[in-house]
2 protein chains.
Amino acid sequence: MTKGRDKMIPGTLNVLILKCLSHGALHGYGVSRWIHERADDVLRVEEGVLYPALHRLERDGLIEAEWGINDTGRRAKFYSLTARGERELDAETDRWRRRSAAVSGLLDLSPGN
Amino acid sequence: MTKGRDKMIPGTLNVLILKCLSHGALHGYGVSRWIHERADDVLRVEEGVLYPALHRLERDGLIEAEWGINDTGRRAKFYSLTARGERELDAETDRWRRRSAAVSGLLDLSPGN
DNA sequence: TGCGTTACCTATGTTGTCTAGGTAATTACC
DNA sequence: GGTAATTACCTAGACAACATAGGTAACGCA
């Protein structure tokens, strides 16, 4: 139905952001590139989706932001995981594994049941 | 975050319904049970979610409905896949595999990258 | 000077899910 | 005979999230 490049699986963006930040603090633009590059172009986060998501996660206390300077001396807002964010990452990762396995299991059923 | 029983992964309900109907015509209530039982209680479709989804799929020409009688002589609306629905099932299944593999791949990355 | 990239942001529309109802017929139980 | 559970269908309203389409600004480079 959706033509062209793939976007996100709804409901997976938060956990992907948390996962990305578990490797260290990073700014929004970097998160977007991280997801896109490591997913081999299969997933892409539009900026109009990413920034609101970062703000929600910050509002919910799962990540926290701090203005800083990147490698090239440019100012950027660096996000990092809070303790709650780490716990949430673990919980949501488990949740994803359980549920995606269930979906894949159903889709793998052969026509004869 | 979400307590108790799991619900759907957003965006997967349509393809699961199509998959279910690929085993033969079935009424809405049966689709709901099929998903719930085969997913070992990991996924559950509430009726308030299922019926609107069936109506959307019918509106989009992916399934078609016909009133009939079930095993126990009770009247029920049986849904079956159209040709377009079958093609859509294949396309969406591929799409799911590609994207869920990407998500799982990211979540499986070890902390050191 | 102008383009591309990095970096951030918001607004609006649309869709989909969640919750919470409601109807009606049949079956099972007390 | 009454009532509860099950099967089977449906809608309405709220909310969250994604898609799209904008916009700002600073920097590097040709």
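Note that this is a predicted model, so its numbers are computed, not measured. Just so it is clear: chains get the letters A, B, ... in the order the sequence lines come, proteins before strands, and each one is counted from 1.
On the nucleic acid side, DNA chain C has its first and last nucleotide under 4.0 Å of a heavy atom of chain B at C/dG16 to C/dT26, going 5' to 3'.
Side chains of B/E46 and B/Y51 form no contact here, defined as non-hydrogen atoms less than 4.5 Å apart. At a threshold of 4.5 Å between non-hydrogen side-chain atoms, the residues B/H36 and B/D41 count as touching. The shortest side-chain heavy-atom distance between B/L43 and B/K7 does not fall under the 4.5 Å cut-off.
Atom CG of residue A/N14 and atom CD of residue A/E92 lie 7.5 Å apart, to the nearest 0.5 angstrom. Distance CD/B/E86 to CD1/B/I63: 13.0 Å, rounded to 0.5 Å. Between the CG atom in B/L57 and the CG atom in B/L13 there is a gap of 7.5 Å [rounded to 0.5 Å].
Ranked by how close their nearest DNA chain C nucleotide is to the 5' end, B/R56 and B/T72 are led by B/R56.
Rounded to whole Å, atom P of D/dC18 lies 13 Å from atom CD1 of B/I9. Look at NZ on A/K77: it is 17 Å from P on D/dA26, rounded to the nearest Å. Taking atom OH of residue A/Y51 and atom C1' of nucleotide D/dA17, one finds them 18 Å apart after rounding to whole Å. Between the CZ atom of A/R59 and the C1' atom of D/dC15 there is a distance of 12 Å, given to the nearest Å. Spacing between atom CG of A/L50 and atom P of D/dA17 amounts to 14 Å, rounded to whole angstrom units. At whole-Å resolution of the value, CZ in A/R44 and P in D/dC18 are 17 Å apart. What separates OH of A/Y29 from P of D/dA26 is a distance of 17 Å, to the nearest Å. At whole-Å resolution of the value, CE in A/M8 and P in D/dA19 are 8 Å apart.
Relative to the side chain of B/H27, the nucleotides D/dC10, D/dA8, D/dT20 differ in distance, and D/dA8 lies closest.
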Checking side-chain hydrogen bond (donor to acceptor under 3.5 Å, both in side chains) for the pair B/H27/B/N70: CA distance, chi angles, key distance, verdict? CA-CA 9 Å; B/H27 48 84; B/N70 74 358; 4.6 Å; no
What's the verdict on side-chain hydrogen bond (donor to acceptor under 3.5 Å, both in side chains) for B/W96 and A/S104, showing C-alpha distance, side-chain angles and the deciding distance? CA-CA 8 Å; B/W96 162 260; A/S104 293; 3.1 Å; yes
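The 12-atom threshold is not exceeded at CZ of B/R75, counting heavy atoms of other residues, nucleotides or ligands nearer than 6.0 Å.
When heavy atoms are screened at a 4.0 angstrom cut-off, A/G28 is found touching the sugar-phosphate backbone but no base atom.
Against DNA chain C, the stretch residues 11-19 of chain B makes heavy-atom approaches under 4.0 Å through B/G11, B/L13.
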